[in-house]
2 protein chains.
Amino acid sequence: MNTHDLDGLSQRATGLVIELSAAIVAVTDEEPKILLVSPSEPAPRSGLPAGPFDPAGHRTLEEGLRSWVEEQTALHLGYVEQLYTFGDRFRDPQERAGGPRPVSVGYVALVRQTALKNTDKSPGESTWGDWYRYFPWEDWRDGPPALLDALIAPRLAAWAEAAGPKPDKNRRRERVNLAFGFDGGSWDNERVLDRYELLYEAGLVFEAVFDAHRDPAEAAAQTGAALIKDHRRILATAMGRLRAKIKYRPVIFELMAPTFTLFQLQRAVEALSGGRLHKQNFRRLVAHEGLVEPTGHISSQTGGRPAELFRFRREVVHERPAPGVRVAVQARKRAG
Amino acid sequence: MNTHDLDGLSQRATGLVIELSAAIVAVTDEEPKILLVSPSEPAPRSGLPAGPFDPAGHRTLEEGLRSWVEEQTALHLGYVEQLYTFGDRFRDPQERAGGPRPVSVGYVALVRQTALKNTDKSPGESTWGDWYRYFPWEDWRDGPPALLDALIAPRLAAWAEAAGPKPDKNRRRERVNLAFGFDGGSWDNERVLDRYELLYEAGLVFEAVFDAHRDPAEAAAQTGAALIKDHRRILATAMGRLRAKIKYRPVIFELMAPTFTLFQLQRAVEALSGGRLHKQNFRRLVAHEGLVEPTGHISSQTGGRPAELFRFRREVVHERPAPGVRVAVQARKRAG
DNA sequence: TCAAAAGTGTTATCCTTACACCCATGT
DNA sequence: ACATGGGTGTAAGGATAACACTTTTGA
């Protein structure tokens with residue numbers, strides 16, 4: 001999945017191609033995972049499952065996406081949601097080399113842990129990767145990531161104060177403080193894209209260095225692993241959207257096995273949210289909101305006292321206007 | 001602005017064109033307005049400002065949109081947000097006639113009331129229209145619209161119960177009840193798109209009849225005024241997004257003059273939300289959230305006791321994680 | 001004088017958050 | 001015994017929604 005594949009196709013003539021890309025998310029062993037494909041080309045980086053939209057063959061954009069994913073990963077998608085359409089010039093180096101102008105429509109899809117096993121032996125080279133590998137600064141489950149104060153804060157400060165008119169400096173500083181909660185502000189776990197875009201603009205992610213054809217040695221300043229094209233941007237959008245959405249739609253259950261303990265559910269929410277939740281209140285909350293119902297069965301695989309297994313109560317969508325795990329991630333105010 | 005314009009352009013060869021469309025919203029005299037252009041073609045319907053994305057000339061999608069809007073309406077856009085990308089086959093009748101496959105990227109833009117006057121005499125044929133003209137069932141400010149019980153409910157029920165396997169019927173009935181709050185459910189003012197899509201699928205909006213090349217006499221069942229192509233769908237998306245967004249982002253102030261009374265602000269929120277708010281609580285809320293600050297000036301144009309003029313407190317975005325007019329539209333439980 | 005809108009005060013209720021504490025299992 | 005996770009009770013504080021009521025203007 002690479003713009004090279006398109007040379008010679010009719011899209012060439014127009015200089016315009018729509019690429020459909022999917023961030024496919026699962027939660028396994030309490031860790032958030034993302035499905036990746038490794039292009040056969042000698043590319044050093046992997047990417048999301050993706051493929052060009054076929055105006056003649058695809059009835060809708062989403063259908064086109066589903067067929068590409070099925071072809072590349074032998075995975076059948078359930079929940080799929082469109083995220084955003086990116087069309088910035090030169091996010092794909094192929095474009096400078098005379099390739100077509102890529103416009104990419106990003107999607108997020110959720111699959112169950114059980115589906116994961118089935119596709120371990122999938123065709124092609126698709127693999128599951130830890131999504132925090134690409135955004136280490138987004139994982140606050142063990143407290144504020146050291147990376148933030150050690151590397152990101154000073155680098156972004158330097159970028160914000162760089163040469164230029166004063167209003168520009170102020171605006172940059174403002175954006176940094178807002179997105180990262182640096183100057184007394186608080187960390188908003190939904191602003192994943194804002195943060196990634198700032199790091200990109202400041203040249204602190206590999207993609208930025210690469211896209212600008214600057215010295216790859218600068219990649220030493222690299223924060224997180226890179227993906228091809230603007231796939232990491234799509235992944236950031238997916239993360240932000242999911243973190244927002246679990247609060248008012250029961251999407252988390254798309255990631256769970258048919259039955260689960262409340263603790264497993266909590267871990268899954270924490271995995272996406274990137275923070276810890278208050279156990280007792282979490283349990284009361286999901287019960288109170290009518291999101292789950294007991295199955296009567298017991299799991300003894302807990303490592304402690306056996307736990308009751310629950311299932312998702314589908315009826316909840318009729319009872320409440322916005323059913324979701326409306327949990328406040330435990331406040332850990334950053335120092336300074 | 002019409003796919004005809006594209007014939008002969010390079011896009012022709014590919015059968016693919018990206019159309020950029022904007023729902024430009026303002027609030028004047030307490031009424032929500034939408035900017036429309038009337039194509040010079042002998043089309044019976046008007047549409048949103050729109051134009052094709054130019055891969056060679058436009059640096060980003062949003063920049064392309066802005067340049068088309070400025071060209072067509074002489075209006076400079078401030079706040080702009082991308083909504084969704086639609087690519088369903090045959091939403092544009094031109095496509096059946098051998099035209100290129102249109103993929104449209106929809107945007108919503110907000111402009112101030114003051115900007116409105118400046119463009120009354122704009123070039124081209126752009127005019128402001130009442131947005132509830134296109135969605136009469138969305139305006140609950142004077143109570144539940146009669147249209148709902150009189151026309152929409154029975155027609156949708158008939159559609160849901162139409163021939164087909166039982167699971168399909170159930171699913172259709174479910175969707176209708178959820179979207180319109182018919183069966184004891186409540187009206188969620190954000191589900192604008194869900195409702196429009198159902199009406200479209202059920203053949204109850206003009207566009208559906210027209211697109212399917214069915215007897216235009218059926219347009220008698222028309223609910224709301226029609227727009228060209230899928231522009232009404234984009235407008236529905238814009239409405240839903242705005243109604244959601246005013247609750248957690250201070251976007252409403254993009255529509256207000258620099259200073260305003262609290263009642264004007266309330267009316268603007270009501271105009272978008274389509275419902276009434278509790279006056280006393282609204283005032284306390286915006287004050288309490290720190291969204292506004294008094295200017296010290298007084299307006300006597302109120303029709304009653306003179307009111308203090310307020311302005312938006314920009315600093316609020318630093319103080320709260322999600323500043324917005326988090327108001328509950330006054331509950332008017334539907335009968336039945 | 002009356003209608004219309006600006007404002008203030010008060011209360012009951014619900015939700016959130018935090019803390020304390022006991023229960024059952026495996027090692 | 002103790003670590004780990006399951007599970008219950010309760011109380012303080014804040015936000016919300018619904019009232020009632022007074023004030024100030026223009027027609």
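Letters A, B, ... are given to chains in the order of the sequence lines, protein chains preceding strands, and every chain is numbered from 1.
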*Take the angle between the ring planes of A/Phe253 and A/Phe312 and call it parallel below 30°, perpendicular above 60°, tilted in between.*
parallel

*In whole angstrom, give the distance that lies between atom CZ of B/Phe260 and atom C1' of C/dA5.*
17 Å

*Taking atom types as they are modelled, is there a donor-acceptor pair under 3.5 Å from the base of D/dG9 to the side chain of A/Arg284?*
yes

*Out of D/dA18, C/dG7, C/dA18, which nucleotide sits closest to the side chain of B/Ala307?*
C/dG7

*Give the intermediate values and the outcome of salt bridge (Lys or Arg N to Asp or Glu O under 4.0 Å) for residues A/Glu270 and A/Arg276.*
CA-CA 6 Å; A/Glu270 288 174 345; A/Arg276 290 294 170 202; 2.6 Å; yes

*Nearest-Å distance, CG (A/Leu262) to C1' (D/dT8)?*
13 Å

*Ring geometry between B/Trp137 and B/Phe135 (parallel below 30°, tilted from 30 to 60°, perpendicular above 60°)*: perpendicular

*Of all the nucleotides listed (C/dT17, D/dC19, D/dT8), which has the minimum atom distance to the side chain of A/Gln280?*
D/dT8

*asked:* Let's test your reading of the model: under 3.5 Å, does the base of C/dA6 pair with the side chain of B/Lys279 as donor and acceptor?
replied: yes

*B/Asn281 or B/Gln264: which one's nearest nucleotide on DNA chain C is closer to the 5' end?*
B/Gln264

_Length of the line joining A/His288:NE2 and D/dT10:C1', which is rounded to integer Å_ = 16 Å

*Report yes if a side-chain nitrogen or oxygen of B/Arg283 is closer than 4.0 Å to either non-bridging phosphate oxygen (OP1 or OP2) of C/dG7; otherwise report no.*
yes

*Let me know the distance between CG of B/Leu285 and C1' of D/dG14, rounded to the nearest Å.*
14 Å

_Protein-nucleotide distance (A/Leu265, atom CG; D/dG7, atom P), rounded to Å_ = 13 Å

*Hey, is B/Asp130 close enough to B/Arg133 for a salt bridge, meaning N to O under 4.0 Å?*
no

*Nearest whole angstrom, please: distance from the P of C/dT13 to the NE2 of B/His278.*
17 Å

_Contact check, side chains of A/Leu272 and A/Trp131, non-hydrogen atoms, under 4.5 Å_ = yes

_Quick check: any donor-acceptor pair below 3.5 Å linking the side-chain of B/Arg305 to the base of C/dA6?_
yes

*asked:* Looking only at the side chain of B/Glu308 (C-beta and beyond, no hydrogens), which of the listed nucleotides C/dT16, C/dG7, D/dG7 gets closest?
replied: C/dG7

